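Since this is a predicted model, take the numbers as computed values, not measurements. Hydrogens, waters and symmetry mates are skipped; everything else that's a heavy atom, side chains included, is used. Below, chain A is the first sequence line, B the second, and so on; all start at residue 1.
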Protein chains: 2
Amino acid sequence: MQARARERARQILEVTARLLDKVGLDDLTTILIAKELGISVGSLYHYFPNKHAILYALAEDWLASMTAALEEVSESALEECTLDEFVEVLLDKLAKVYQEQEGVLPLVQAMWGIPELSEIDERHDQLVITYLCKMFERLGFACPPNEKSRIARLMLETMHTVLVTITQQQGHRARRTREDLHRMLLAVMDARRADAAPDGLDDIEAP
Amino acid sequence: MQARARERARQILEVTARLLDKVGLDDLTTILIAKELGISVGSLYHYFPNKHAILYALAEDWLASMTAALEEVSESALEECTLDEFVEVLLDKLAKVYQEQEGVLPLVQAMWGIPELSEIDERHDQLVITYLCKMFERLGFACPPNEKSRIARLMLETMHTVLVTITQQQGHRARRTREDLHRMLLAVMDARRADAAPDGLDDIEAP
DNA sequence: ACCTGAACACCGTTCAAGT
DNA sequence: ACCTGAACACCGTTCAAGT
């Protein structure tokens, strides 16, 4: 049955996520995954064409939940929103996604290390950047499109790094780091609302 | 001769750095390194005990040049320095290190992915944090030690992420992203000089 | 249809034998 | 002292044979 097959695929992803968290990317072998599930290696390849495909599927899930969080943010009334409130909502939604993902660290590591995965990572980044740019517009940003996307990427990468850091901190420390992240993002965004930058086209410069 | 041996070791590191930049971490094999140098695999193991040791040595070089840059920063007259000037000098020195390192990206990836390397990475982070904390003091920061080191780590990680981004950007884009990084760091530091935070001990809370 | 596990290719590492 | 390359262990992947 198709239903059984999908159930097995789900089990494989679940076990892989757990093992990833437990043993790390380097020691995650197909044999280990199969053994943990009580099936043979060959059987594993019945559901996924190769090891990377399993990690690929995990990464897709993770990126999808990130997109969902952004979708939620963009549903709030940004037009009548201070930058401060915007950052608050944004960090709230994204922090939850990072907090809930099992083994974020090795997964992120896999996304950087394996070419197939960095490909979807890059595609996903583009998606997030597009989302953020649209929101910037609704927030009344006064800067050219390529500047908006540059800032979006900068914010994306900063949020990523610091949110990963936060998942490794506790209590007060975590809370303060989050406040600092808030400050950093605000500093970048504030600069772009103040300057109605008159330099829209000088990006054409370099190939 | 010892001199010959050291020369060979240097050659191996040089070739590995170039190959790392060219083919990436995944496709970097010991056979490839040996072939590129015109020696046999066995000979390679005469100079380094294993593949990780080669990457380890590369990482050490890179981290050493980072430390050297920080040493230079701490030689300037921080006591009579605005935060703005401090950030300017700091980013100037560090940006050069990132710009000059061949294959920063795969090297960083290796440092995250390989346990031995993440160990020196962590040791190095601690060193940088210590440096930064000392400088914070000279800059007149008013917050408890554990807060200083938390902020140092935050800054370290933010600088790392954004400086890597900058090495992949060009001209105006790179310059603007650097200005934004400047703003972000300033925002975090400013907050700590203003508040003479009265909450020094509440980190004891969680295990 | 789903599963098995021996077999193959490939890579890191070793070591007996060479100069 | 330094080098060689066949040999070994291990892991990802395949496939002929089973239920």
Side-chain angles (χ1 to χ4, degrees), chain A residues 1-20 22-59 106-107 109-111 113-119, chain B residues 1-20 22-59 106-107 109-111 113-119:
Chain A
M1 270 286 33
Q2 282 289 65
R4 276 217 182 281
R6 221 164 312 155
E7 169 63 9
R8 257 289 146 81
R10 203 191 52 73
Q11 283 181 338
I12 291 169
L13 291 182
E14 211 175 278
V15 163
T16 303
R18 204 174 60 233
L19 286 175
L20 202 54
K22 189 175 158 198
V23 304
L25 182 61
D26 267 26
D27 294 338
L28 183 79
T29 65
T30 49
I31 289 173
L32 183 66
I33 298 171
K35 203 185 286 174
E36 190 79 8
L37 247 160
I39 60 176
S40 70
V41 228
S43 190
L44 198 68
Y45 282 81
H46 206 72
Y47 297 96
F48 291 95
N50 53 53
K51 185 182 162 183
H52 289 170
I54 303 176
L55 294 168
Y56 191 101
L58 272 181
L107 191 56
Q109 181 197 321
M111 292 202 288
I114 301 163
E116 284 115 307
L117 298 212
S118 40
E119 197 197 295
Chain B
M1 270 292 25
Q2 281 289 62
R4 274 215 184 285
R6 221 166 310 154
E7 168 63 11
R8 255 290 147 79
R10 204 191 50 74
Q11 282 181 340
I12 290 169
L13 291 182
E14 210 176 279
V15 162
T16 304
R18 204 174 59 233
L19 285 174
L20 201 55
K22 189 175 159 194
V23 306
L25 183 62
D26 267 26
D27 293 340
L28 183 79
T29 65
T30 48
I31 290 173
L32 184 64
I33 298 171
K35 203 185 286 173
E36 190 79 7
L37 248 162
I39 60 176
S40 71
V41 228
S43 189
L44 199 68
Y45 281 81
H46 207 71
Y47 298 96
F48 291 93
N50 54 54
K51 184 183 162 183
H52 288 172
I54 304 175
L55 295 168
Y56 190 100
L58 273 180
L107 190 56
Q109 180 198 321
M111 292 202 291
I114 301 163
E116 284 115 309
L117 298 212
S118 41
E119 196 195 296

B:L13 vs B:F48 side-chain heavy atoms within contact, under 4.5 Å: yes

CG-CG distance between B:L25 and B:L107, expressed to the nearest 0.5 angstrom: 9.0 Å

Residue met sooner reading DNA chain C from 5', once B:H52 and A:R8 are mapped to nucleotides: A:R8

Whole-Å gap separating P (C:dC11) and CG (A:D26): 16 Å

Rounded interatomic separation in angstrom, taking CZ from B:F48 and P from C:dT14: 15 Å

Side-chain heavy atoms of B:Q11 within contact of B:E7, under 4.5 Å: yes

Minimum-distance nucleotide (side-chain atoms of B:V41 versus D:dC3, D:dT13, C:dT13): C:dT13

Those residues that, when tested against A:T30, pass side chain to side chain contact (heavy atoms under 4.5 Å, CB included) (two or more places apart): A:V41, A:L44, A:Y45, A:K51

Atom pair distance, as rounded to whole Å: CD1 in A:I54 and C1' in D:dT13: 12 Å

Minimum side-chain heavy-atom gap A:I39-A:R8 below 4.5 Å: yes

Listed partners of A:H46 passing side chain to side chain contact (heavy atoms under 4.5 Å, CB included), at least two apart: none

Test item: A:S118 side-chain N/O and A:P115 main-chain N/O as donor-acceptor pair under 3.5 Å: yes

Gap between atom CG of B:D27 and atom CG of B:L32 - 0.5 Å precision: 8.5 Å

Between D:dC11 (P) and A:L19 (CG): distance, integer Å: 14 Å

d(NZ, A:K51; C1', C:dC11) in whole Å: 14 Å

Partners meeting side chain to side chain contact (heavy atoms under 4.5 Å, CB included) with A:V15 (sequence neighbours left out): A:R18, A:L19, A:I33, A:E36, A:L37

Protein and nucleotides 16-18 of chain D: nitrogen or oxygen contacts under 3.5 angstrom:
none

Range-with-range stems for DNA chain D, at least three Watson-Crick or G-U pairs under 3.5 Å: C:4-8 with D:12-16, C:12-16 with D:4-8

Rounded interatomic separation in angstrom, taking NE2 from A:H46 and P from D:dT13: 17 Å

Interatomic distance where CG belongs to B:D27 and P belongs to C:dC11 [whole Å]: 9 Å

Value in whole Å for how far the P atom of D:dC2 lies from CG of B:L44: 14 Å

DNA chain C-proximal residues of residues 28-40 of chain B, any heavy atom under 4.0 Å: B:L28, B:T29, B:T30

Sugar-phosphate only, base, or nothing, as touched by A:Y47 at under 4.0 Å among non-hydrogen atoms: sugar-phosphate

N/O donor-acceptor pair under 3.5 Å between B:T16 side chain and B:I12 backbone: yes

